[in-house]
Structure formats: C-alpha cells, structure tokens
Amino acid sequence: MAIFRSSYSLRLMVEEARKLTGHTSVRERIDSVLRIMGGSFGGTYGKGRPLVDALENVAQESLLCEDFALAQRFQRFAGYAGGKLYLDTLENYYDEGARQRSEEFMRRMAAMGAERAVAVLDALCAESPDASAADASALFRGIVRSTEHLSIGGGEGGIQLTAKHLKRLQEYGHMELVLRNLPRPAPTCLRRSGPDDE
C-alpha cells in the first residue's frame, strides 16, 4: 500500500522553489502543484498520487529547460510526497535552520560518544595501568561487536518499527557517514615541525 505525504513545510519549499525559475512553463507547473496543495493552514495539502504526479511534472519540465538543480529538487519533493523520503531529509537539503539543527544534533552525539570513549579508556587504565594501544583497540572492537547482539526481542506477533524509529536509524546512518569523513591526525613522521618542536 502506497504511503502519501504532504505538509505545510513542503508547501513553503515549493513556494520558495518557484522563485528560482524564470521559465514560464516551469512556473505554470509549479502553480498546478500549489493548486493541488491548497492554502489552508492545517489542511491535508493535497497529498496523494495527483500531488506526486504534479511534482514529477515540474521536475520533467525543469529538465527540458535544462534547470537540473530545480529538477532534482522537485524529484526529491516527489519522493517525499510518494513516501520514499522523510521530511527531515528534505529539510536538510532545503531548510538552512533545519540543517543547522541536524548538524548540532550530530555534533552532540559525536561529543557524547567521545566522552563515553574517554570514560572506557579511563576505566581500562585504572584496571590495567600497563595497557597498550592494542589493548584499547581490542576493547573497543569488542564493544562494537557486542552492540550487534543488542535486541528488543521478538515480542508477540512481531515488532514493527515506528516511523519515528525508522527516521532515527536514517539519521544515525547519515551521522556514521559524517564521522567516517572526519579529518584524522597526521602520523607523527608526517607532521611539520613548529617552533615548539625544537
């Protein structure tokens, strides 16, 4: 069964996107989207297959006008309206405030993880003062392996994740990509010597 979405936030993003084109044919198709969505605050904003089709029509017309960025934007809007993307994903692309809040969330999660790592290392050093970097590495690998076995159980009749939890998993996946690309300290042999190194 298809899940269709729409929202006031999507309407605002569509209105903002309309300002980005000078092509009359594209604007006419965007106006069709806005007519489907209606204007009343708190309404359904015209969700359903007609909205998805209208958004895809804007993307197609934008491609014909060689406005590839706008086409991609409306393809993403259609993905949200058709239930394939979450609103948070769209907001991270097209809402500066939402993107900053998401980045702040990721920074806090990374800081919290680093604080827990320091606590684990402190405990390791307290128990084994002669512990090596290899011992610390083995400890953390064990922690990572143990998290793979965490479970909420089978439950009666099975457990299905809510949309909220699915969104969180998507955010953690995005955060993992960000963390993989963090700059790494240069090896000692490659560091440039400064005045304090002499």
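Below, each value reflects all heavy atoms present in this structure, side chains not excepted, and no hydrogens, waters or symmetry copies. Residues take their numbers from the sequence shown, with the count starting at 1. Nothing here was measured: the structure is a model prediction, and the numbers come from that model.
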How long is the straight-line distance from [atom2] of [Y] back to [atom1] of [X], given to the nearest 0.5 Å?
X      : Y      : atom1 : atom2 : answer
Arg101 : Glu91  : CZ    : CD    : 7.0 Å
Glu127 : Asp122 : CD    : CG    : 12.0 Å
Asp88  : Phe105 : CG    : CZ    : 10.0 Å
Asp95  : Ser9   : CG    : OG    : 7.5 Å
Asn57  : Glu28  : CG    : CD    : 12.5 Å
Asp31  : Glu15  : CG    : CD    : 10.5 Å

Student check: side-chain heavy atoms of [X] and [Y] closer than 4.5 Å:
X      : Y      : answer
Ser7   : Leu87  : yes
Val26  : Asp67  : no
Phe74  : Arg29  : no
Leu139 : Leu121 : no
Asp53  : Glu56  : yes
Leu63  : Gln75  : yes
Val52  : Phe4   : yes
Arg27  : Arg18  : yes

Will you find, in the side chains of [X] and [Y], an N or O donor that is under 3.5 Å from an N or O acceptor?
X      : Y      : answer
Gln100 : Glu104 : no
Tyr94  : Arg76  : yes
Thr89  : Asn92  : no

request  = State plainly whether one hydrophobic cluster holds both Ile30 and Tyr93, where clusters connect Ile, Leu, Val, Met, Phe, Trp and Tyr through side-chain heavy atoms under 4.5 angstrom apart.
outcome  = yes

Open item on the list: Using the rule given for side-chain contact (heavy atoms from CB on, under 4.5 Å), can you reason through Val120 versus Leu124, listing the C-alpha separation, both sets of side-chain angles and the distance that settles it, and then say yes or no?
Closed with: CA-CA 6 Å; Val120 168; Leu124 174 66; 5.5 Å; no

Heavy-atom closest pair (Ser25 atom, Cys65 atom, distance to 0.1 Å) is OG-SG, 3.8 Å

In terms of heavy-atom contacts, Leu51 and Arg5 come closest through CD2-O, 4.1 Å

Is a side-chain donor or acceptor of [X] paired with a backbone partner of [Y] at a separation under 3.5 angstrom?
X      : Y      : result
Arg11  : Gly38  : yes
Ser137 : Ala133 : no
Thr21  : Ala17  : no
Ser128 : Asp130 : no

Discussion item. side-chain contact (heavy atoms from CB on, under 4.5 Å), that's the test. Do Leu55 and Val14 meet it? Break it down for me.
Written reply: CA-CA 9 Å; Leu55 291 164; Val14 169; 4.2 Å; yes

More than 12 heavy atoms of other residues, nucleotides or ligands under 6.0 Å from CZ of Phe68: is that the case?
yes

*asked:* Could you check, using the six-membered ring where one of them is a Trp, whether Phe77 and Tyr80 have ring centers closer than 6.0 angstrom?
replied: no

